[in-house]
Every structure is written in structure tokens, then in C-alpha cells.
Amino acid sequence: MARAFAPVAAEIDHYLATHQRKSLLRFITCGSVDDGKSTLIGRLLYESKLLFEDQLAALEADSRKMGTQGDGLDFALLLDGLTAEREQGITIDVAYRYFATDRRKYIVADTPGHEQYTRNMVTGASTADVAVLIVDARKGALTQTRRHSYLVSLLGIRKILVAVNKMDLVEYAEAPFRAITAEYGDFAARIGLDDVTFIPVSALKGDNVVAKSAHMPWHRGPTLMGYLESVAIDEERLQKAPFRLPVQWVNRPHHDFRGFAGTIASGTIHTGERVRVQPSGRESTIARIVTADGDLAQAIAGQSITLTLTDEIDISRGDLISTASAPPEVADQFEATIIWMADEPMLPGRPYLLKIGARTVNAQIGDLKYKVNVNSLEHVAAKTLALNEIGVCNLSLDHPVAFDVYKDNRDTGAFIFIDRVSNNTVGAGLLEFALRRAHNIHIQALDLNKGVRAQLKGQKSCVLWLTGLSGAGKSTIANLVEKKLHALGRHTYLLDGDNIRHGLNKDLGFTDVDRVENIRRVAEVAKLMVDAGLIVITAFISPFRAERRMARELMDAAEFIEIFVDTPLAMAEQRDSKGLYKKARQGELKNFTGIDSPYEVPEHAEIHVETTRLAADAAADLIVRELGRRGVIGTVV
Amino acid sequence: MALTYLQRLEAESIHIIREVVAETDNPVMLYSIGKDSAVMLHLAIKAFFPARPPFPLLHVDTTWKFRDMYAFRDRRAAEVGMKLIVHVNPEGLAMNINPFTHGSAVHTDVMKTQGLRQALDKYGFDAAFGGARRDEEKSRAKERIFSFRSAQHRWDPKTQRPELWKLSNWTELDVWQYIYLQDIPIVPLYFARERPVVERDGTLIMVDDERMPLRDGEVPVLRKVRFRTLGCYPLTGAIESNADTLPAIVQEMLLAKTSERQGRVIDYDAAGSMEKKKVEGYF
């Protein structure tokens with residue numbers, strides 16, 4: 001027996017050693033429902049001879065019972081493990097599959113195509129090196145595919161393989177493939193994906209999956225498997241970044257040992273190296289790198305280790321031990337990109353738990369700057385994020401945390417939101433940068449208030465918020481209102497769109513984001529002036545309901561008087577006093593309200609002025625009368 | 001320098017074990033005595049070295065495990081110095097629930113699924129981790145390595161708490177390689193030896209004690225067998241094998257044409273059976 005055993009052991013040792021040295025490629029597959037993702041992976045496993053006999057037998061039985069391929073094998077059944085999704089015909093959750101070739105080991109996250117499960121795609125994408133996007137040759141890239149592409153780009157996956165599937169249904173013709181290549185290539189470039197490879201395949205028939213297709217001699221690129229086998233992966237990428245160890249656990253078995261356990265997120269560490277602990281900023285030197293297999297002299301990214309330091313400094317779970325020469329930043333306010341994953345919408349102002357590395361803090365989501373329309377990539381003004389929506393916002397934490405920006409470090413720059421009641425993960429986020437303003441500014445309570453100040457002027461302070469299309473007559477009417485109030489001895493101030501944009505807001509453009517910021521600033525200035533006791537008149541297009549509501553919510557209940565200057569688009573365009581509509585129509589002006597940017601009509605304006613029925617002067621009179629009726633301008637009428 | 005595949009798996013698992021322990025008040029490790037549990041226990045010891053893992057082991061017993069398993073369990077718990085809690089569903093015991101009279105479905109439901117729920121409630125555990133591997137069965141591939149369950153202990157496939165940024169992925173071959181490379185103690189039943197078996201419905205069942213009722217014409221015979229997976233002995237099929245060392249087992253693994261769950265009678269109950277059991281709380 002001993003003689004027979006020895007060669008086996010040597011052979012196995014050799015095999016295991018080779019096996020261990022293979023590179024590991026993690027990839028994610030995504031696409032729309034019915035694009036054939038599961039079928040493609042099933043085919044990959046089948047053709048690579050990676051299925052066990054009983055799995056094949058079960059597949060044959062399942063295919064006969066509920067397959068959609070007649071007598072043929074339905075490869076999708078191999079992956080779609082859950083009964084529920086089998087019955088609905090969709091993939092519900094991320095399923096992981098492993099296989100290995102002589103060259104590489106693979107971990108595949110097959111992610112759902114169904115819209116409500118985008119959150120699970122994020123789970124699969126966060127560790128992937130490559131994304132395989134499956135597109136139906138007959139349909140091209142649909143919304144879901146674009147959303148996934150955008151997520152893939154956000155999460156930092158740079159290598160994209162687009163498998164144009166179901167080529168058998170377009171007679172293996174080159175033209176539809178080229179059309180998708182051109183269209184998707186354009187989209188990919190706009191979202192910063194520049195390493196995109198296109199391969200025409202038929203998962204059902206096996207063309208260009210493992211073997212080169214005889215039906216498509218025009219395709220000169222690799223097969224799917226060929227691509228996966230040869231695509232370059234930088235396994236040492238993480239080691240090159242500065243050292244980061246989020247402390248998971250303080251290990252104190254007895255008084256003589258105090259170790260800090262965690263997984264090295266990036267970089268390398270040696271004994272004797274100087275480290276800094278964030279956010280406290282304390283420094284020390286590495287004494288030992290402890291593992292159950294013995295102490296190490298050096299450790300690298302990905303290893304789970306325990307460190308001891310030469311000094312007794314206070315470190316707890318959630319702290320970040322870093323190289324002293326390149327420590328992470330520390331902040332409590334950020335701009336972040338958020339991917340919302342819960343059925344209940346994200347609510348700005350509501351406190352959520354935020355977990356970054358091993359630290360959990362309370363976080364408040366401030367103003368949502370915009371959300372992203374994943375189809376057009378437009379920035380859209382929004383107050384909240386619904387399931388699967390992606391937006392950019394400011395975050396305010398109740399404690400400072402150590403972090404890197406996401407593009408520098410996927411581990412120390414990413415976080416999740418946890419609902420405080422249900423303990424569910426409701427969102428994920430990427431830190432863009434820290435905000436350094438507003439650090440120690442607290443609202444000052446003052447003895448004199450706006451009521452006292454307005455009283456001195458014989459009026460109630462308020463905002464007359466004029467909204468309407470460009471050229472509707474807002475400025476003209478606002479001017480007349482101010483003159484009339486002035487004549488009545490009232491104290492006013494007119495904030496006009498054009499004037500503000502030449503000064504306070506000259507750094508802003510006309511994208512949706514900038515429009516939102518423009519209005520936010522105007523609203524804040526108006527609020528200060530209301531506090532000063534003035535009647536403030538604003539004349540801004542202010543096209544989005546959400547921002548007008550934001551302005552309204554800044555004021556007290558009766559202080560905000562929304563005035564809809566209602567001029568039909570055709571008439572405003574005909575008037576075109578500044579020649580802007582003409583420019584917009586010729587494409588010289590982008591994001592022009594009414595032309596290529598929406599105007600959301602007020603639903604509950606306090607005053608509705610129809611300029612088709614009232615001249616500007618009559619409109620101003622109407623407004624002043626209404627102010628009288630509301631008691632804003634005291635007894636003088 | 002790059003980590004090997006197993007080094008990565010090990011590091012990921014250690015990370016998750018530490019994370020669960022840090023984030024919960026009263027965690028427990030489900031210890032089922034098999035090779036996956038052996039690996040999980042080994043990882044837990046590594047995660048907290050030089051301290052001892054700060055949680056107990058829980059074995060939800062059906063009273064129908066192999067005798068070798070009980071002996072191994074008690075010896076191992078003593079060696080590592082961790083507290084071992086053994087829970088048997090007292091009602092099931094009183095009703096003498098067993099796989100022969102009640103069938104595998106009822107037996108598993110009462111003794112394992114309900115037994116687990118009872119134990120989690122009794123001791124107030126708020127997190128339980130077990131060693132279910134992702135490649136074992138299609139439905140299991142979709143569980144995060146640690147399953148989060150609701151207060152009623154039901155596993156809801158549609159609202160799994162997404163475990164972002166970390167994954168752990170052990171296959172059967174990885175487990176064997178790791179056991180081999182790390183020299184992890186396992187139950188001797190995994191190694192081939194002559195054992196008394198009967199062939200029943202195409203499966204080799206070991207006659208481990210006198211409680212096994214023999215059918216007409218069944219005579220236990222000694223055959224050289226081993227087990228790829230361990231559970232209740234009347235529900236666990238043996239395979240004929242000469243693999244009596246770890247390298248030989250790995251070699252056999254590499255040549256295997258059937259996946260290991262084939263040895264488990266439980267899977268053949270009904271289509272999607274594992275998924276149904278999981279919704280009910282069976283690990």
C-alpha cells in the first residue's frame with residue numbers, strides 16, 4: 001500500500017500546486033430579461049465539460065418537464081435554481097458558479113435581469129474583474145442593459161464583453177451585429193467604458209461560445225471562452241495602493257496581548273513600519289503580524305491578519321490602520337453617489353445607518369443634487385430615490401470616518417446604508433469627495449426676529465415666487481409689482497434670474513443639476529431677506545416642482561406665494577425677446593426650458609396669471625390686490 | 001507576490017466570521033460534524049487566534065448520526081476548548097420520530113428544521129453560521145455564505161440581505177484541498193474501510209447500530225466503502241472506494257463524475273425539495 005500511495009500523493013501534490021497557481025477571474029453576467037444569460041452560462045459549463053453526470057441527468061429530466069427547447073437541453077434550468085424563478089421564467093438572485101480550465105479559475109455571478117433585482121447585480125458586480133453584458137441581436141441594448149452598464153461603470157469594472165446573443169435568429173448576419181456595436185459603443189464611451197469587446201454568439205446553438213462558429217466567418221475576434229481565457233487581470237493592483245487595514249476586531253485574550261484584526265484592503269505591510277490610525281491620527285509602529293500559522297514579516301492586500309503595535313494606543317473596531325506616509329482622509333460630510341436598493345424610497349433628512357469598512361455611524365442624506373436617467377445619462381432634479389435609482393447627494397455623518405475616494409479604493413471608498421428599523425441594507429454608495437465647508441457652523445439664535453423687523457416696516461415679509469417659461473413676462477411683471485409696492489411705501493427687493501446669474505450664480509450653467517443649485521441659492525438668499533423683513537420678489541424660470549417645493553419648505557407657511565406666469569410655449573417663442581428660442585431651436589443653446597428641458601407646470605400656485613388674458617400692468621395690479629387680501633402689505637391699499 | 005486561490009478563500013471566510021461576531025450580540029456556529037463544519041471550525045479558530053472563538057458550537061442532533069460522528073464531535077470540542085451545545089427536539093424524541101417509520105421528509109423536518117428553530121429561540125442566538133457550500137445544490141448557490149433569517153427563522157430568497165463587497169466561495173474540491181493542506185481532523189467515515197452495508201433502492205446504507213430494521217432478504221455485508229457526505233446514517237449513501245488517504249480522496253474527487261449530493265436521500269423527495277426545506281428553516 002505504501003508504494004502505491006507515494007506516487008498518488010506526489011501526483012496530487014503536483015496537481016494541487018498547479019491548480020493553486022492559476023489566476024482567478026471573477027466575472028458578472030448581466031442583461032435584460034430573455035436575453036439568454038442563464039442559457040449562455042449553462043452552455044459555457046456544458047461545453048467546457050464541467051457538469052457532473054447526475055447534474056446532466058437532472059438537466060435532461062428538467063428540460064423534458066419544463067424546458068422551453070423542445071427535445072433539446074434547456075441550459076437556463078441549470079442556473080435558475082429557485083422554484084419561484086423557474087415558474088416565472090426569470091432569474092431572481094445572484095447565483096455563483098465556479099469552473100476552471102487549464103489556465104484559469106472562474107467565479108461567475110449570474111445576476112438578475114428583472115428590474116426589481118438590480119440591487120443583487122450590485123452585489124455581484126462589486127468584486128468582479130469583467131462584466132459580460134448579454135444583448136439580444138434582434139433588440140439591441142435595452143434600458144435594463146444600459147442601467148447595468150452604467151452600474152458596471154460606476155462600480156469601477158473596466159473590462160466589458162458584449163455578447164450579442166441569438167445570432168441564429170438573425171440568420172448570423174453581420175449587419176445587425178455591426179449596428180449594435182456602433183450604437184452600444186457610443187453609449188459605452190459616454191459612460192467612460194473604453195475597454196469593450198463585442199462577440200456575436202448563439203448561446204442556444206453554441207456559436208462562438210467555446211468553439212468558433214462556422215456560421216459567422218466574418219467575425220475575426222475571439223470566442224467568449226477565448227476572451228475569458230486571455231483577458232488581462234491585474235492581480236497585484238490592490239497591493240500597489242497605500243496600506244489600509246479596517247480594524248474588525250480587537251483581540252485581547254489576556255493582558256499581555258492586544259491585537260488588531262482585519263483584512264488588508266490594500267497595500268502591503270512589514271514589521272517595523274510606521275502606521276497612522278485614522279480618524280484619531282495617532283501613530284505607532286508595527287510590532288508583529290500575527291496569524292494562526294505563525295508570525296509573518298510581511299502581509300499583502302487580501303490577507304486576514306492580526307497586528308500588534310509597539311505603543312499602547314487606543315484603537316477600536318472601525319478604525320483604519322494605514323501607512324503613516326499616505327493616510328486616508330477623515331471627514332464627516334461627503335458628496336456621494338447612491339444606488340438605492342429598497343422598495344421604500346430614500347428619504348432625505350431621515351437618519352440611516354452607514355457602514356463603511358467596519359465602522360457604522362448615523363448618516364443623514366442632505367439635498368439630493370440629481371438623479372441619473374440611465375438611458376439618456378441626463379441629470380434629473382429629484383427629491384428622493386426610488387428602488388434601483390442612482391443619484392448624487394451630500395451626506396452628513398454624526399462622527400468623522402476615515403475613507404478614500406471610491407475611484408482610488410473600492411473598499412475604503414464604498415459604503416452601505418442600513419435601515420435602522422428593519423436592519424436591511426437599503427442602499428449602497430460610493431464616496432466622491434469630502435465637503436470641507438460647514439464644519440463647525442451652527443445656527444445662531446438671535447433676539448430680533450423677522451416678525452419684529454417686518455413690523456417696523458408695516459408689512460409681513462414674504463416671497464413672491466414668479467415661475468414660468470423664458471419670455472413669459474416674469475421680469476416685466478416683477479418689475480411692475482416692485483414699483484407699485486414701492487409706491488405704497490413697502491420695503492421690497494427683486495431677485496431677477498439674469499442678474500443673479502451674472503453675480504452670485506455665475507459659476508452655474510444650465511444643466512438640471514445647475515438649475516437645481518441655482519434655485520437652491522436663490523431660495524436661501526430669499527430666505528435671508530425674508531428674515532430681514534422684506535417682501536422679496538423672485539423671477540426665475542424655476543422649471544422643477546421639486547425645487548419650488550424646496551424653496552417653499554424653507555419658508556414659513558404663509559410666506560411663500562407662488563405665482564405662475566402662464567404663457568403658452570408658442571407665444572413665448574413667438575415673442576422671443578432675447579432671441580433665445582431661435583438659438584435653442586438651432587441647437588446652439590442646450591437644456592433650454594420648453595425645448596429640450598422640461599417645464600413642470602405648478603399644481604397649486606397661489607396666484608395664476610394668464611398673460612394671454614391680462615397685460616403686464618393688469619397682472620401686476622392683480623398680484624398687489626392679492627397681497628392686500630392676504631394682509632401682507634398692512635392696511636395701506 | 002499573489003495569494004493562492006485557497007489563501008483568498010480562507011481570508012474571505014475569516015473576514016466574514018469576524019464580521020458576524022462583531023456585528024451581532026449572540027452568535028453561534030452550527031456544527032454538523034461533517035467536513036464543511038470541520039473547515040468552518042478551523043477557520044473560526046484562525047480568525048480569533050490567539051484567543052479562542054468567542055461563541056459556542058451548536059449541534060442540532062437527530063439521534064441518528066453515525067456513532068463515529070458522536071465520538072469525533074465530543075473529542076474535537078474538548079480539543080479546541082469551545083462550548084458545545086447539543087440540542088435534540090424533545091417532542092420529536094418523545095414521539096420517537098425516525099427515518100424508518102416516518103420517512104426522510106418528516107424526520108428531517110421535525111428533528112432538524114424544527115429542532116434548529118427551537119435551539120435558536122431557547123438560547124436567543126441572533127446569528128448562526130453554518131458551512132453550506134454554494135456548489136452543493138442549485139438553490140444553495142444563491143445563499144450568501146451566512147444566511148440571514150427572519151425572526152420566524154424563515155429564509156426569504158427575495159429579500160436576502162445583500163452582503164456587499166465580500167463573497168466566499170468554497171467548492172467540494174476546495175474543501176478537500178484545504179483539509180489536506182491544513183491537516184484538519186475529520187471523521188474517519190470519510191476514509192474507505194470495510195463496513196457493514198446493505199443495498200437499498202440502489203443506495204448503499206451502512207448498518208451502524210441495532211436500530212436499523214432490515215427488510216426481508218437484507219443481509220449486511222462487509223464492503224470497502226466511504227462517505228462523501230455525512231448525515232443521519234439511514235439517509236446517507238456510501239460509495240465503494242479504496243480511497244483511504246486524503247490524496248486518494250482528492251484524486252477520486254478529481255475523477256468523479258457525480259456530484260456529492262447524490263449520496264443524500266433527502267434531495268429526491270420532490271422537485272425543489274431543498275428549497276422548500278430552506279424556506280422552512282433547514283440549513
Side-chain angles (χ1 to χ4, degrees), chain A residues 5 8-9 11-13 15-16 19-22 24 52-55 78-79 81-84 86 92-98 105 107 119-120 122-123 126-127 235-236 239 248-249 251-253 257 261-263 290-292 300 302-304 306 317 341 358 410-411 414 416 423-425 428, chain B residues 1-8 10-15 18-19 21-23 45-52 134-135 137-142 144 157-167 169 171 173 177 180-181 244-245 247-248 250-251 254 256-259 261-262 271-272 275-276:
Chain A
F5 166 68
V8 170
E11 212 176 284
I12 293 299
D13 283 347
Y15 171 84
L16 294 182
H19 196 63
Q20 284 300 308
R21 275 197 298 271
K22 284 178 191 170
L24 170 68
F52 288 115
E53 274 174 2
D54 59 325
Q55 288 173 326
L78 200 59
L79 264 84
L82 297 172
T83 315
R86 274 191 200 166
I92 284 188
D93 195 26
V94 183
Y96 297 90
R97 281 290 170 275
Y98 333 90
K105 282 179 161 264
I107 298 177
R119 62 176 161 215
N120 291 317
V122 178
T123 315
S126 56
T127 56
E235 293 194 86
E236 291 177 15
Q239 290 174 38
Q248 281 189 290
W249 183 259
N251 198 332
R252 290 216 80 168
F257 188 92
T263 307
V290 179
T291 78
I300 61 172
Q303 283 183 295
S304 287
T306 300
R317 172 172 162 85
M341 299 174 166
R410 283 199 216 174
D411 260 290
I416 56 172
N423 217 26
N424 284 329
T425 301
Chain B
M1 178 175 167
L3 298 178
T4 68
Y5 185 70
L6 279 180
Q7 283 173 324
R8 286 184 211 218
E10 178 189 75
E12 278 184 1
S13 304
I14 287 174
H15 179 91
R18 286 175 180 159
E19 206 56 20
V21 172
E23 292 264 303
I45 290 166
K46 284 194 152 191
F48 298 97
F49 177 86
R52 219 172 269 151
R134 285 216 178 102
D135 67 334
E137 206 256 359
K138 281 188 283 187
S139 174
R140 275 193 171 171
K142 302 201 170 190
R144 307 289 179 267
K158 292 191 185 179
T159 58
Q160 293 183 71
R161 174 176 167 166
E163 202 50 45
L164 287 174
W165 326 123
K166 291 289 168 195
L167 306 169
N169 308 284
T171 64
L173 182 57
Q177 285 185 61
Y180 176 46
L181 294 173
D244 50 7
T245 64
V250 174
Q251 187 194 36
L254 293 172
K257 287 188 175 157
T258 55
S259 64
R261 289 201 72 83
Q262 204 179 36
E275 188 166 325
K276 276 178 203 149

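The model shown is predicted, which means the values in this text are computed figures rather than measured ones. First the proteins, then the strands, lettered A, B, ... as listed; each starts at 1.
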Undergrad: Which atoms of A:Q303 are under 4.5 Å from chain B, going by heavy atoms: the side chain, the backbone, both sets, or neither?
TA: both
Undergrad: Sequence neighbours excluded, which residues qualify as salt bridge (charged side-chain N to carboxylate O under 4.0 Å, His left out) partners of B:K46?
TA: A:D293, B:E10
Undergrad: Any chance you could measure B:L181, atom CG, to A:D13, atom CG, to the nearest 0.5 Å?
TA: 8.0 Å
Undergrad: Is there a donor-acceptor contact under 3.5 Å from the side chain of A:Q248 to the main chain of B:A22?
TA: no
Undergrad: For B:A11 and A:G302, which heavy atoms make the closest approach, and how far apart are they?
TA: CB-O, 2.9 Å
Undergrad: Under the ring-ring contact (aromatic ring centres under 6.0 Å, His included) test, which residues partner B:F48, sequence neighbours left out?
TA: A:W249
Undergrad: More than 12 non-hydrogen atoms from neighbouring residues, nucleotides or ligands closer than 6.0 Å to CZ on A:R252, yes or no?
TA: yes
Undergrad: Of all the heavy-atom pairs spanning B:R8 and A:L24, show the shortest one and how long it is.
TA: NH1-CD2, 3.6 Å
Undergrad: Ignoring hydrogens, what is the shortest heavy-atom contact between B:F49 and A:T306? Give both atom names and the distance.
TA: O-OG1, 4.2 Å
Undergrad: Could you tell me whether the side chain of A:R317 reaches within less than 4.5 Å of the side chain of B:R18, counting heavy atoms only?
TA: no
Undergrad: Sort out for me which of B:V21, B:I14, B:L3, B:I45 touches chain A most, counting heavy-atom pairs under 4.5 Å.
TA: B:L3
